[in-house]
Amino acid sequence: MDLSYILNHLGEDRDQYFDAVTPPIIQSSNFTFKSVAHMREMLKSEMDYPLYTRGANPTVAILRKKLAALENAEDAWVFSSGSAAMTAAVMAQVESGDHIICIKNPYSWTKNLVEVLLAKFNVAFSFIDGTSVANFEAAIRPETKVILLESPNSITFEIQDLKAVASIARSKGITTIIDNSYCSPLYQKPLDMGIDIVMHTASKYLGGHSDMVAGCLMASKEHIHHIFKSEYMTLGATISPHDAWLMIRSLRTLPIRMERTLQSTSKVIDFIKDHPLVERLYYPFDEAFPQYELAKAQMDAAPGLFSILLRVDEVSQVEKFVDSLKLFILAVSWGGYESLVLPMCVTGDSENYQSEHKPFNLIRFSIGMDDADALIEDLKQAFGKIS
Ligand SMILES: *Cc1c(COP(=O)(O)O)cnc(C)c1O
């Protein structure tokens, strides 16, 4: 199915709603039935028939079809946040006594899910360096149920060999789950490489306008049904029909937003990578990136998120540099229209505001829809303040 068809038409049945071009926001929690027999019948398919909006909702159903198609998945489900989607996906696979393998340094709340929330229920875990396939093999135990991936991660961008890890997991009956948010569904298709469940935060590229928080899972019908039945309906992290509608609207422009992001990012990277005040660049499609070959083999592009080590001696110089930026807004998150800067010294917990994998001079950028030359000018003047 071609991408424009998915984004412009798939799932949209216009004669159901007055031939309106844009789908309606069915802002209703509840749905009524014509007869007891009809109601009894429909209660059997709560996932597909609108009955109550924590289950199926017609606006969300349109989105669900598009999201599944974007990842070449049989099915998808939408959540009120990326974190809720990840939690439901992982919890559906494990019970007390089981074991999870997770790459080290995943998204912070994924880490919390594994080492705090699931640990409370006696699910053991191993955080491993996912850059080597052998580390996965070594960590597998008889009770391992899940391998949790994030490729690349969103700060230092380490990647995992998805085909190799998927094939090891399949041979042992272990479910693989990946956070694919960085690449968006456009630039990496993990299900095609044998991964079982794909998760995205839609608060980043899929939403793209910094006006919503949402998440989704894409997988086989069997997996989605299993997750829906228990974890999703119990945890109840439902997307609102209005946010689903916003996301449908955002998806229309996903390809051109991503194209623009790629073009601008490549200009900014060209400027930044040989700059004397840049000690190191973290960007998967930079030739000097340690896993450049693997990145090229399994990703179609590396979008607008990258990090640098600023060549300075003191955290005060990092602060001066970041505070001098004008177009790059100081904030968490990424993937919106606005360009962002996030110095990791805001999160570091020990001396000099740094931790093991977050040196004090590590700074992450997200390239938005701003003019690339204007962004470069902004960086130039900020570098000027510390040189
Ligand atoms: C933001 C983010 C999440 C969590 O998504 P929410 O929608 O904020 O819950 C998960 N993974 C990555 C890589 C993220 O950047």
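Since this is a predicted model, take the numbers as computed values, not measurements. Heavy atoms only: backbone and side chains are in, while hydrogens, waters and symmetry mates are out. Ligands are counted one by one from 1 in listed order, and the atoms in each one are counted from 1 as well.
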Revision key, fill the gap. In chain-and-number order, ligand 1 lies under 4.0 Å from a heavy atom of each of Ser81, Gly82, Ser83, Tyr107, Glu150, Ser154, Asp179, Met199, Thr201, Ser203, Lys204, Val213, Ala214, Trp334
Check your understanding: Between Arg170 and Asp196, is there a side-chain N and carboxylate O pair less than 4.0 Å apart?
Key -> yes
Check your understanding: Would you find more than 12 non-hydrogen atoms of other residues, nucleotides or ligands less than 6.0 Å from Glu279 atom CD?
Key -> yes
Review point. Between His38 and Phe33, how do the two ring planes meet: parallel, tilted or perpendicular, split at 30° and 60°?
Key: perpendicular
Exercise for review: For Tyr337, look at atom OH and say whether over 12 heavy atoms of other residues, nucleotides or ligands are found less than 6.0 Å away.
Suggested key: no
**Study point:** Quiz item: cation-pi between Lys296 and Phe285, 6.0 Å / 45°
**Key:** yes
Check your understanding: Is the shortest distance from a Lys or Arg side-chain nitrogen in Glu143 or Lys145 to a carboxylate oxygen in the other one below 4.0 Å?
Key -> no
